[in-house]
Number of protein chains: 2
Amino acid sequence: MRIGELARASGVPSATIKWYLRQGLLPRGELSAPNQADYGVEHVRRLRLIRALLEVGGLSVAAAARVIATLDDPSVSLSDVVGVAHGALARAGDVATDGAMDPLVDAFLARRGWVVRPDSPARQDLAQLLAAVSGLDLSGMASAAGKPPPAPSLEQVLDGLDPYADAIDQLAASEIASLPIGAPRDVVVQSVVVGTVLMEQMLGVLRRLAQEHYFEAAVRMIKPGDDIARTMERPRPR
Amino acid sequence: MRIGELARASGVPSATIKWYLRQGLLPRGELSAPNQADYGVEHVRRLRLIRALLEVGGLSVAAAARVIATLDDPSVSLSDVVGVAHGALARAGDVATDGAMDPLVDAFLARRGWVVRPDSPARQDLAQLLAAVSGLDLSGMASAAGKPPPAPSLEQVLDGLDPYADAIDQLAASEIASLPIGAPRDVVVQSVVVGTVLMEQMLGVLRRLAQEHYFEAAVRMIKPGDDIARTMERPRPR
DNA sequence: CCATGACAGATAGTAACACTATCCATAGTG
DNA sequence: CACTATGGATAGTGTTACTATCTGTCATGG
């Protein structure tokens with residue numbers, strides 16, 4: 001298979017394929033001549049994975065390249081594959097958060113019983129999220145209307161995390177159980193990557209779908225008279 | 001407060017603040033002279049929300065502008081705020097998926113009992129995710145090693161969604177229950193936006209933390225001899 | 001056997017995005 | 001009154017993910 005056929009088979013323009021080759025996202029085909037390379041079905045499959053990671057998973061090309069490099073390297077352990085996939089999903093770059101949240105994060109993880117490496121990217125992300133959410137100061141808006149701010153919201157935010165963590169705890173058991181134990185390495189590794197990167201998107205999408213349903217259902221429950229009900233009752237424009 | 005003070009108070013450079021003003025992310029301050037404007041605490045608060053949506057929530061400036069516009073418009077119903085927030089999170093642009101997944105998506109939603117508007121962006125996202133995941137063809141790798149592909153994986157993928165949907169169902173109840181019913185509109189609306197955008201990130205981060213913990217725990221359970229166990233046992237390099 | 005088109009690989013160009021810097025006339029400040 | 005800060009506009013910058021062009025080579029049908 002030459003690059004034109006690969007492009008047609010995968011739906012990716014050949015110029016883009018060439019670029020992926022240069023970025024190390026896709027292994028080069030076997031050269032049968034200085035300007036003739038041969039690609040196989042594994043290239044088509046790899047391209048599908050690449051596009052899924054980029055378009056659906058939202059990874060950058062560089063992050064996808066790091067992930068894909070671990071796929072082909074049998075010296076990388078499965079734990080490390082998970083770590084690389086998590087690193088690719090991490091939002092907080094190497095911009096260190098100031099560390100003010102770290103004790104809270106540690107306390108939360110200890111409370112959940114989650115044992116996590118100290119340099120885990122998700123840990124940084126959690127710290128950043130906590131800082132952002134608690135800094136939003138929901139109560140500040142009410143307090144501007146008269147009263148003083150009721151309380152530091154950080155503990156409230158942390159407590160509010162439990163329903164999320166409970167749901168995640170429940171999910172994790174199924175996820176571990178569905179690992180294709182005993183399959184060849186490449187199958188397991190790709191399952192782990194897909195399960196990590198794409199299923200995180202899936203979780204978000206399912207949540208939005210459920211939110212739409214339950215939120216509309218909840219709106220119908222609320223009696224008129226509440227502040228919230230009044231803004232909900234307004235007929236939707238357009 | 002003038003722009004320099006606002007910049008110092010928020011940590012956002014004044015050139016960036018000016019840009020947010022032009023993009024409609026931030027309302028202009030009150031002009032006391034042709035070149036003197038006055039900003040208040042609500043601008044500091046708004047800037048914090050903007051930075052949270054952009055940096056933590058991962059929204060584009062345009063998407064954040066759409067979300068923020070709904071915050072200040074009392075003619076927008078709460079349901080619409082949810083819709084706008086979901087639209088801002090949607091990954092599938094207006095690039096219509098080919099529709100091949102739609103019956104599957106409808107069947108899934110019906111099975112879950114989730115009532116969702118037909119034009120919901122999350123519905124498109126789900127279709128795209130299903131297409132991507134089922135197109136990856138995990139089994140294809142094994143089949144390349146000898147056997148024919150065991151089965152069309154789409155139904156398998158759909159069935160595998162149930163644990164995720166179960167977890168989400170459980171979570172949705174808590175989320176609806178924690179809505180600050182009866183609070184002033186701006187408090188409720190900001191709660192909804194934060195709950196939608198930032199808590200989706202939170203869910204992903206918590207999942208990664210839990211995965212790290214449970215995956216390591218699972219690895220320690222597996223007996224040597226399995227394919228998977230062998231790749232797990234390898235001492236981590238570095 | 002050779003014109004024609006596809007190809008590999010490299011380099012340069014483009015479009016979108018999120019800022020960032022500069023400019024100008026005016027405002028406040030010591 | 002010198003001087004810095006300001007509001008508003010416009011232009012420039014760096015990054016990312018491609019996309020187009022160029023050069024020489026290859027293969028293949030007439």
Side-chain angles (χ1 to χ4, degrees), chain A residues 1-40 43 47 49-68 88-95, chain B residues 1-40 43 47 49-68 88-95:
Chain A
M1 207 192 299
R2 285 165 305 178
I3 200 170
E5 302 170 69
L6 180 57
R8 271 186 298 280
S10 64
V12 180
S14 58
T16 303
I17 294 178
K18 287 182 177 183
W19 191 64
Y20 290 165
L21 290 172
R22 288 196 296 278
Q23 303 307 306
L25 272 175
L26 191 67
R28 303 204 101 99
E30 199 180 346
L31 279 183
S32 61
N35 67 337
Q36 296 288 285
D38 197 51
Y39 301 96
H43 289 93
L47 264 178
L49 176 61
I50 291 167
R51 297 299 280 200
L53 292 180
L54 295 186
E55 295 183 349
V56 183
L59 299 194
S60 68
V61 167
R66 280 191 293 274
V67 171
I68 281 186
L89 284 169
R91 189 162 296 285
D94 31 24
V95 190
Chain B
M1 208 192 295
R2 283 165 307 175
I3 200 170
E5 301 170 70
L6 180 57
R8 271 186 298 280
S10 63
V12 179
S14 57
T16 303
I17 294 177
K18 286 181 176 184
W19 191 64
Y20 290 163
L21 290 171
R22 289 195 297 279
Q23 303 306 307
L25 274 174
L26 191 67
R28 301 207 104 99
E30 200 179 347
L31 279 181
S32 61
N35 67 340
Q36 295 290 286
D38 199 49
Y39 301 95
H43 290 92
L47 264 178
L49 176 61
I50 290 169
R51 298 298 281 199
L53 293 181
L54 295 186
E55 294 183 351
V56 184
L59 298 194
S60 68
V61 167
R66 281 192 292 274
V67 170
I68 282 187
L89 285 169
R91 188 162 297 284
D94 31 23
V95 190

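In what follows, chains are A, B, ... by sequence order, proteins preceding strands, each numbered from 1.
- Counting only residues at least two apart or in different chains, salt bridge (charged side-chain N to carboxylate O under 4.0 Å, His left out) contacts with residues 5-21 of chain A comprise A/Arg2-A/Glu5.
- Taking atom CZ of residue B/Arg2 and atom C1' of nucleotide C/dA27, one finds them 9 Å apart after rounding to whole Å.
- Proximity of B/Ser14 to the phosphate of D/dT6: no side-chain N or O atom is located under 4.0 Å from OP1 or OP2.
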Just the table, please: protein N/O against nucleotides 21-26 of chain C N/O, every pair under 3.5 Å.
residue : atom : partner : partner atom : Å
C/dT26  : O2   : B/Asn35 : ND2          : 2.2

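- Of the inter-residue distances, the one linking A/Ile3 atom CD1 with A/Gln36 atom CD reads 11.0 Å to the nearest 0.5 angstrom.
- Under the 3.5 Å distance criterion, the side-chain polar atoms of B/His43 are matched with a main-chain donor or acceptor of B/Pro27.
- Side-chain nitrogen and oxygen atoms of B/Tyr20 include none within less than 4.0 Å of the OP1 or OP2 phosphate oxygen of C/dA18.
- When rounded to the nearest whole Å, the span between CD1 of B/Ile17 and P of D/dG7 equals 10 Å.
- Atoms CG (A/Asp38) and C1' (C/dA8) sit 13 Å apart, rounded to a whole Å.
- Atom CG of B/Leu25 is separated from atom P of C/dC17 by 14 Å (rounded to the nearest Å).
- Using modelled atom types, no side-chain atom of A/Asp38 and backbone atom of A/Gly29 make a donor-acceptor pair closer than 3.5 Å.
- Note that OG1 of A/Thr16 and CD of A/Gln23 are 11.5 Å apart. Values are rounded to the nearest 0.5 Å.
- Rounded to a whole Å, the CD atom of B/Glu30 is 13 Å from the P atom of D/dG7.
- Per the geometry, CZ belonging to B/Arg51 stands 10 Å off C1' belonging to C/dA18, to the nearest Å.
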Practice problem: Would you check, one step at a time, whether the test side chain to side chain contact (heavy atoms under 4.5 Å, CB included) holds for B/Leu26 with B/Ile68? | Solution: CA-CA 8 Å; B/Leu26 191 67; B/Ile68 282 187; over 6 Å; no

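- For residues 50-67 of chain B, the side-chain hydrogen bond (donor to acceptor under 3.5 Å, both in side chains) pairs, not counting sequence neighbours, are B/Tyr20-B/Arg51, B/Arg51-B/Glu55.
- Among D/dG7, D/dT19, C/dA10, the nucleotide with an atom closest to any side-chain atom of A/Arg28 is C/dA10.
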Shorter than 3.5 Å, N or O on both sides, protein versus nucleotides 13-16 of chain C: list them out with atom names.
none

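- Side-chain atoms of B/Ser10 come within 3.5 Å of backbone N or O of B/Leu6 as a donor-acceptor pair.
- Remark: P of D/dA9 and CD of B/Gln23 are 12 Å apart, rounded to the nearest angstrom.
- Contacts of B/Leu21 with the nucleic acid, taken as non-hydrogen atoms under 4.0 Å apart, are absent.
- With contacts defined as side-chain heavy-atom distances shorter than 4.5 Å, the pair B/Ile50/B/Val61 does not qualify.
- Nearest heavy-atom pair, B/Val67 versus B/Ala88, reported as atom, atom and distance to 0.1 Å: CG2-CB, 3.6 Å.
- For the pair B/Leu31 CG and D/dA9 P, the interatomic distance rounds to 11 Å; values are reported in whole Å.
- DNA chain D is contacted by A/Ser60, A/Val61 of residues 57-67 of chain A, taking any non-hydrogen atom closer than 4.0 Å.
- For residues 26-37 of chain A, no pair satisfies salt bridge (charged side-chain N to carboxylate O under 4.0 Å, His left out), with sequence neighbours left out.
- Summarising the geometry of B/Val12 relative to B/Leu47, their closest heavy-atom pair is CG2-CD2, 4.3 Å, with the distance given to 0.1 Å.
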